[in-house]
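Atoms considered below: every heavy atom in the structure, side chains included; atoms not considered: hydrogens, waters and symmetry mates.
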Amino acid sequence: MARHRRRSSTTLAAARAVGVFTAVGMTAAVGLAPAAEAATAPAADTGTGSVTVSIVEPVAVSGTAVTTVTCTTGHVYQASVTSVPVNGDVLSFTVRAPGYHGPGNYPAVVTAQLTESDGTVVTLPAGPVPTTITATGGSTTIDGQTPNGIPVDASVAWVCTT
């Protein structure tokens, strides 16, 4: 009769992380190429969330918007923004960093949707991309192309709503 051994919580967490990173790697195969480096997060935490965006491609959009940025922590860090207007366009995004254990640098899966002022919608799946997570928010840079071959060069930084 075989003996069954209980895995430690550390071993189980590592096994989960490997599974998540395998799924993230598959996303990268159909998503964007990883970015070289992350952008700088906004400096001040005002209690209200904010998003600073700089998109060079597929359309030039840049600016900072005060908005609700929902951030959750645990084994997975997640920051999300829904429908924030930035210079006539509308941006929504989610950043998920598995294996989260406090502020630092993580590979994260980023999904974003940019609705341009003319109604054109660009969906941006990316992962894993280098992401910096701080005690108050974070930042990431995406440099690659969508599954449809549209070039993307963008940086996003956020401050979480407290």
Side-chain angles (χ1 to χ4, degrees), residues 20-21 23-25 27-74 76-162:
V20 170
F21 284 119
V24 168
T27 302
V30 298
L32 303 177
E37 59 185 81
T40 303
D45 179 9
T46 62
T48 304
S50 66
V51 174
T52 299
V53 61
S54 174
I55 301 174
V56 178
E57 289 184 278
V59 61
V61 176
S62 65
T64 299
V66 175
T67 188
T68 300
V69 181
T70 305
C71 299
T72 57
T73 59
V76 176
Y77 173 93
Q78 180 169 307
S80 58
V81 169
T82 304
S83 301
V84 61
V86 179
N87 291 341
D89 297 327
V90 178
L91 176 69
S92 297
F93 71 86
T94 300
V95 176
R96 291 180 49 85
Y100 180 75
H101 52 80
N105 297 313
Y106 296 88
V109 175
V110 178
T111 54
Q113 180 175 308
L114 177 68
T115 304
E116 297 177 49
S117 57
D118 68 359
T120 302
V121 176
V122 179
T123 301
L124 312 170
V129 294
T131 301
T132 300
I133 299 171
T134 67
T136 59
S139 60
T140 190
T141 298
I142 302 167
D143 185 12
Q145 60 182 333
T146 69
N148 296 336
I150 299 169
V152 178
D153 184 357
S155 296
V156 178
W158 62 94
V159 173
C160 301
T161 302
T162 55

Side-chain ([X]) to main-chain ([Y]) donor-acceptor, under 3.5 angstrom:
X	Y	value
T131	V129	yes
Y106	H101	yes
T140	P130	yes
S139	A157	no

- Message: T120: which residues meet the side-chain hydrogen bond (donor to acceptor under 3.5 Å, both in side chains) condition with it, sequence neighbours left out?
- Response: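 By the side-chain hydrogen bond (donor to acceptor under 3.5 Å, both in side chains) rule, T120 matches D118.
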- Item | Contacts of type side-chain hydrogen bond (donor to acceptor under 3.5 Å, both in side chains), residue N105, not counting sequence neighbours |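 Applying side-chain hydrogen bond (donor to acceptor under 3.5 Å, both in side chains) to N105 gives T132.
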- Message: Taking side-chain contact (heavy atoms from CB on, under 4.5 Å) as the criterion, tell me which of T68, T64, V69 meets it with V51.
- Response: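 Exactly one candidate clears the test, V69.
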- Message: With side-chain contact (heavy atoms from CB on, under 4.5 Å) as the test, pick out the partner of L91 among T67, V61, T115, V84.
- Response: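 In the set T67, V61, T115, V84, the residue that makes a side-chain contact (heavy atoms from CB on, under 4.5 Å) with L91 is V84.
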Exercise: identify the closest heavy-atom pair between [X] and [Y]:
X	Y	result
T94	S80	OG1-CB, 3.7 Å
I55	A154	CG1-CB, 3.8 Å
A79	C71	CB-SG, 3.9 Å
Y100	V76	CB-C, 4.2 Å
V95	A108	CG1-CB, 3.8 Å
S62	S54	CB-CA, 4.1 Å

- Message: I'd like to check F93 versus V81 (side-chain heavy atoms, cut-off strictly below 4.5 Å). Are they in contact?
- Response: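 Yes - at least one pair of side-chain heavy atoms lies under 4.5 Å apart.
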Quick one: pull up [atom1] in [X] and [atom2] in [Y] and give me the separation to the nearest 0.5 Å.
X	Y	atom1	atom2	value
I133	Q78	CD1	CD	11.0 Å
W158	T70	CH2	OG1	13.0 Å
Q113	D89	CD	CG	12.0 Å

- Task: Any pair with a residue in residues 113-149 that passes ring-ring contact (aromatic ring centres under 6.0 Å, His included), sequence neighbours left out, goes on the list, sorted by first then second residue, please.
- Result: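 For residues 113-149, and leaving out neighbouring residues, there are no ring-ring contact (aromatic ring centres under 6.0 Å, His included) pairs at all.
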- Message: Evaluate S155 against T141 for side-chain hydrogen bond (donor to acceptor under 3.5 Å, both in side chains), listing each step before the verdict.
- Response: CA-CA 4 Å; S155 296; T141 298; 3.2 Å; yes
